[in-house]
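Have a look at the structure below, then the notes.
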Amino acid sequence: MRSSGCFFPEVWNIVAEIPRGRVTTYGLIARVLGSPGAARTVGWAMRAAPDGLDLPCHRVVNRRGELAPASAFGGPGVQRALLESEGVLFDDEGRIDMKQYLWVPFR
DNA sequence: GCCGTGACGATTC
DNA sequence: CGAATCGCCACGG
């Protein structure tokens, strides 16, 4: 299971495996897929992800532990609410403690 | 087969 | 220390 086919489907596959209450980063996913510089492409894959896949895209954050633009989730606080609902706590800066919640996908 | 795009990352000023 | 810029890679037209 290394390459199921294209890049996007693999991204969705990994995101779908993110455990509840954990988060991962775009760059990390890209790295696991073999393209450390394709972090942007991963984000693009999220945007192009069909709703039928039931992807927990709210569990994917950037390297700093910040959430994606509110526009991406249809409104401000949506992604944060979903994560808090899973037990993820935010600091005063609205960021996640990566040391605690960062989940590393399998290679 | 080239250009533009994009929910990032790291570096530089 | 904060903000801005460049670079990266994959996909659609």
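These numbers come from the heavy atoms of this one structure, side chains and all, not from hydrogens, waters or symmetry mates. Remember, it's a predicted structure, so these values are computed and weren't measured experimentally. Chain letters run A, B, ... following the sequence lines, proteins first and then strands; every chain starts at 1.
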*Measure from the side chain of A:Arg40, starting at C-beta and using heavy atoms only, and say which of C:dA10, B:dA7, B:dC8 lies closest.*
B:dC8

*Rounded to the nearest angstrom, tell me the gap between atom CD1 in A:Ile96 and atom C1' in B:dA7.*
14 Å

*Let me know the distance between CG of A:Leu82 and P of B:dA7, rounded to the nearest Å.*
19 Å

*Specify the residue among A:Arg64 and A:Gly34 whose closest nucleotide of DNA chain C lies further upstream toward the 5′ end.*
A:Arg64

*asked:* As a test of reading the structure: which of B:dG9, B:dG6, C:dC9 is closest to the side chain of A:Arg63, going by heavy atoms?
replied: B:dG9

*asked:* Using whole Å, what does the distance between atom C1' of nucleotide C:dA10 and atom CD1 of A:Ile29 come to?
replied: 14 Å

*Spacing between A:Ile14 atom CD1 and B:dA7 atom C1', to the nearest angstrom*: 16 Å

*Atom CH2 of A:Trp44 to atom P of C:dG12: distance rounded to whole Å?*
7 Å

_A:Phe8 side-chain proximity, nearest of C:dC8, C:dA10, B:dG9_ = C:dA10

*With no hydrogens and no angle check, is any side-chain donor or acceptor of A:Ser35 less than 3.5 Å from a backbone partner on A:Ala38?*
no

*asked:* In whole Å, I'd like the distance from the CG atom of A:Leu33 to the P atom of B:dC8.
replied: 17 Å

*Base, sugar-phosphate, or nothing: which does A:Arg47 touch, judged by heavy atoms less than 4.0 Å apart?*
base

*Describe the nucleic acid contact of A:Ala38 in one word from base, sugar-phosphate, nothing, applying a heavy-atom distance below 4.0 Å.*
sugar-phosphate

*Taking NZ, NE, NH1 and NH2 as the nitrogens, is one of them in A:Arg59 or A:Glu86 under 4.0 Å from a carboxylate oxygen of the other?*
yes

*Candidate nucleotides B:dA7, C:dC8, B:dT5, ranked by approach to the side chain of A:Ala72 - the nearest*: B:dA7

*When you get a sec, tell me which of C:dG7, B:dT5, B:dG9 is the closest nucleotide to the side chain of A:Thr25?*
B:dG9

*Do you know which of A:Ile14, A:Ile18, A:Val15, A:Val61 makes side chain to side chain contact (heavy atoms under 4.5 Å, CB included) with A:Thr24?*
A:Ile18

*A:Asn62 has an atom CG; how far is it from atom P of B:dG6, in whole Å?*
18 Å

*From the list C:dG7, C:dC9, B:dA7, which nucleotide is the closest neighbour of the side chain of A:Thr41?*
C:dC9

*Looking across every strand, which nucleic acid part, if any, lies under 4.0 Å from A:Tyr26 by heavy atom: base, sugar-phosphate, or nothing?*
base

*asked:* With a 3.5 Å distance limit and no angle check, can you tell me whether A:Gln79 reaches the backbone of A:His58 through a side-chain donor-acceptor pair?
replied: yes

*Distance-only, no hydrogens or angles: does the A:Arg95 side chain make a donor-acceptor pair with backbone N or O of A:Glu66 under 3.5 Å?*
no

*Could you tell me the separation between the CE atom of A:Met46 and the P atom of C:dC11, rounded to a whole number of Å?*
13 Å

